[in-house]
Amino acid sequence: MVALARKTLFREWRRFLPAVLTVCFAGLLLIVQAALVLGIFGSAAIYVTASSGDLWVGYPGTQSVNLGRPIYRDVEMLLRMNPAVTRVEPFLWVDADWHATGVGGVAVSVVGIDPSVKGMVFDHMLSPTLRQDLQEPGSIVVGKADLGQLGVQAGDHAWINGHRVHIVAVIPGLRALGGVNVISSLDTAHNLDPHAGFVTYYVAKLADYAQAPVVAENLNGNPAFGPYQVWTAPAFALRSQLFWMFDTGAGIAVVFLAVIVVLVGAVIASQTLTAVVISLAAEYATLNALGVGMPSLRWVVMEQATWIGGLGLIGGGLLSAVLLVVAHGQNVPVAMTPQVGLICGGLVLALALISGLLAMRGLLRADPASLLR
Amino acid sequence: MFAPSLSGLAASVASDKVVPSLVAEGISKSFVSGIVRTQILERFSFSILPQELTLISGPSGCGKSTLLSILSGLQPADGGRVLALGQDLGQLKSRNLEHFRLRYTGFVFQGFNLFSALTACEQVKLPLAYMGIKGAEANRRVMAVLEEVGMSQHAHLRPTALSGGEKQRVAIARALVKTPKLLFADEPTSALDASSGQVVIDLLHRIARDHGTTVLCVSHDPRLIQHADRVLVMEDGAINREWRSGGHPAARAMVGADTLK
């Protein structure tokens with residue numbers, strides 16, 4: 001079998017290049033957009049994903065980690081009574097006002113955690129030494145990406161709600177979605193705003209993580225301990241991310257943009273492919289005169305579209321990988337998962353196939369009778 | 001589906017009874033442009049014999065290309081019928097017509113229409129895959145026809161490296177590799193110089209003689225007239241002269257060589 005589609009594409013690559021580049025850049029746009037969305041909205045659940053707790057207990061109906069309300073401390077007893085639970089620790093959320101030399105007011109979220117070495121919250125981000133430093137009253141840790149906004153460096157002092165605090169460390173990856181994250185011990189956070197309550201969430205560790213959904217279900221629905229709700233860590237993280245993505249309208253905007261990218265890409269790529277098909281109309285018409293059916297000729301066009309999609313995907317994927325590595329190095333919030341990567345790849349191939357379908361109209365010119373006029 | 005009576009055709013030729021391989025019975029064709037209707041062919045009837053090169057000649061616009069496209073099944077007639085190898089082409093659906101052309105017909109056009117990305121060998125091999133002929137058999141056939149048209153030494157060359165005459169020979173090989181019973185050629189020499197045109201004429205003639213193929217050629221090239229077995233001169237959608245200088249022995253005996261109609 002003569003690989004007509006492939007040989008034409010590689011021999012006359014200059015004619016196909018605009019279509020390949022279109023698919024390439026459409027893929028780049030889709031992947032980078034998806035990576036930014038995952039990175040930005042993933043930070044909405046950084047408190048959960050950077051911690052090793054299996055269950056999160058908060059106020060009923062809490063839609064996102066940052067929207068928590070105080071719960072009764074009795075809930076800790078409920079958790080400790082369950083034999084599946086091996087460790088429980090509180091988490092306190094305080095919305096506060098930051099002030100530093102040369103910087104006006106900045107809204108910050110102070111996250112009070114158990115600073116002990118065995119603490120679960122942020123144990124993926126804070127080293128044991130750093131946790132020990134947080135035990136000093138008034139000590140805080142801030143994110144590297146927020147330094148410009150906060151106007152401080154590691155070792156400096158600043159004021160939160162009028163209380164003097166000491167920046168003991170600066171760590172990467174702490175960028176927040178709706179403001180600035182500040183990590184402190186539970187005591188420090190409570191002192192910064194005594195009216196915020198003592199506990200916003202309880203985080204629990206289980207002996208067997210696989211039992212988390214069952215344990216969460218068993219723990220829910222006990223009114224004797226006041227209003228509370230239990231989620232597994234992945235469920236609570238997803239809940240927070242989905243809230244930011246869809247309840248804020250940002251998710252719909254992203255989906256809308258993805259559709260626009262695919263459609264515009266398909267139209268532009270199809271124009272190039274159609275031009276190539278039309279330029280080969282006489283050759284295709286001759287094949288049809290010789291008895292090669294129109295479905296076979298359409299298949300040649302679709303094969304070329306698939307090649308264009310494949311080459312564009314490889315190019316777009318490599319470019320995206322380079323860009324995302326650079327962005328990650330510059331503290332830009334980007335992330336990617338295999339599932340989202342596959343969806344982007346599927347969309348790019350769909351774009352190429354749509355362009356192939358649109359380009360088939362060029363075969364209307366491949367009328368063998370027209371060769372005799 | 002179609003069922004050309006090829007066995008009947010072969011038997012009749014063997015018994016010196018001339019059976020036409022291509023018959024037009026009262027075909028009509030007109031084109032409409034705006035409100036103007038132009039009649040190209042009107043109740044046109046004639047027949048063509050196998051094993052000879054038949055030339056339809058005439059001035060531009062006389063309807064010879066339209067006639068060729070109808071006889072080859074590339075477009076339908078408004079009225080009448082075309083019998084190709086005993087098969088009424090008007091009765092075939094589009095897909096069956098394509099299948100008929102794939103199995104029984106070859107085409108050579110003035111413009112060569114070769115894919116610039118393919119070598120001569122690949123150009124010729126291309127239709128075979130669609131006929132289900134692959135591998136060693138396809139290669140054997142390709143090399144045989146390239147040898148026959150004198151292009152085996154250039155099998156690896158692409159069209160940009162070939163002269164006009166060589167391109168046309170590759171196009172003829174592409175048509176011939178299918179071993180067609182009917183070969184249609186539209187102005188096959190018009191774009192060629194004298195020597196290349198002569199080579200192409202000789203090839204078409206040889207194909208008719210050696211392969212028993214019905215070769216129907218449409219051209220206004222006077223060089224072809226001397227080499228055709230039978231010449232039909234068209235004017236205003238009708239044949240006004242016809243003569244024969246060779247071709248099928250039985251036909252010559254029946255009609256008489258150099259007959260002026």
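Only a predicted model underlies this, so the values are computations on that prediction, with no experimental measurement involved. Below, chain A is the first sequence line, B the second, and so on; all start at residue 1.
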Select one option (side chain, backbone, both, neither) describing which atoms of [X] are under 4.5 Å from chain A's heavy atoms.
| X | result |
| --- | --- |
| B:Phe107 | both |
| B:Thr66 | neither |
| B:Ile70 | neither |
| B:Leu118 | side chain |
| B:Lys64 | neither |
| B:Phe115 | both |

- Going by an N to O cut-off under 4.0 Å, is there a salt bridge joining B:Lys125 and B:Glu122?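 No.
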
- Item | A:Arg6/A:Glu303 ion pair, N-O < 4.0 Å | no

Check the surroundings of atom [atom1] in [X]: do more than 12 heavy atoms from other residues, nucleotides or ligands lie under 6.0 Å from it?
| X | atom1 | result |
| --- | --- | --- |
| A:Gln330 | CD | no |
| B:Asp78 | CG | yes |
| A:His328 | NE2 | no |

| said: Heavy-atom cut-off 4.5 Å, strictly under: side chain, backbone, both or neither for A:Tyr284 against chain B? | reply: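 Contact with chain B: backbone and side chain both.
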
Exercise for review: Below 4.5 Å from any heavy atom of chain B, which atoms of A:Leu287 appear? Answer side chain, backbone, both or neither.
Suggested key: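 For A:Leu287, the contact with chain B is made by the side chain alone.
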
Under 30°, 30 to 60°, or over 60°: which ring-plane class applies to B:Tyr104 and B:Phe100, parallel, tilted or perpendicular?
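Taking B:Phe100 first and then B:Tyr104, their aromatic rings sit tilted (interplane angle of 30° to 60°).
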
Among A:Glu283, A:Lys7, A:Glu12, the residue with the most heavy-atom pairs under 4.5 Å to chain B is A:Glu283

With chain B, the option among A:Thr8, A:Leu290, A:Asn288, A:Thr286 that has the most non-hydrogen atom pairs under 4.5 Å is A:Leu290

Discussion item. Under a 3.5 Å distance rule, please check whether B:Arg101 uses its side chain to pair with a backbone N or O of A:Ala289 as donor and acceptor.
Written reply: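 Side chain of B:Arg101 to backbone of A:Ala289: a pair is present.
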
(request) May I ask you to name which of B:Ser116, B:Pro127, B:Ser72 has the most heavy-atom pairs under 4.5 Å with chain A? (result)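 Top option by heavy-atom pairs under 4.5 Å: B:Ser116.
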
Interface check, chain A: of B:Ile133, B:Leu114, B:Leu102, B:Thr105, most non-hydrogen pairs under 4.5 Å belong to B:Leu102

> In terms of side-chain heavy atoms, does B:Gln110 have a donor or acceptor partner in B:Ser190 at a distance below 3.5 Å?
Replying inline: no

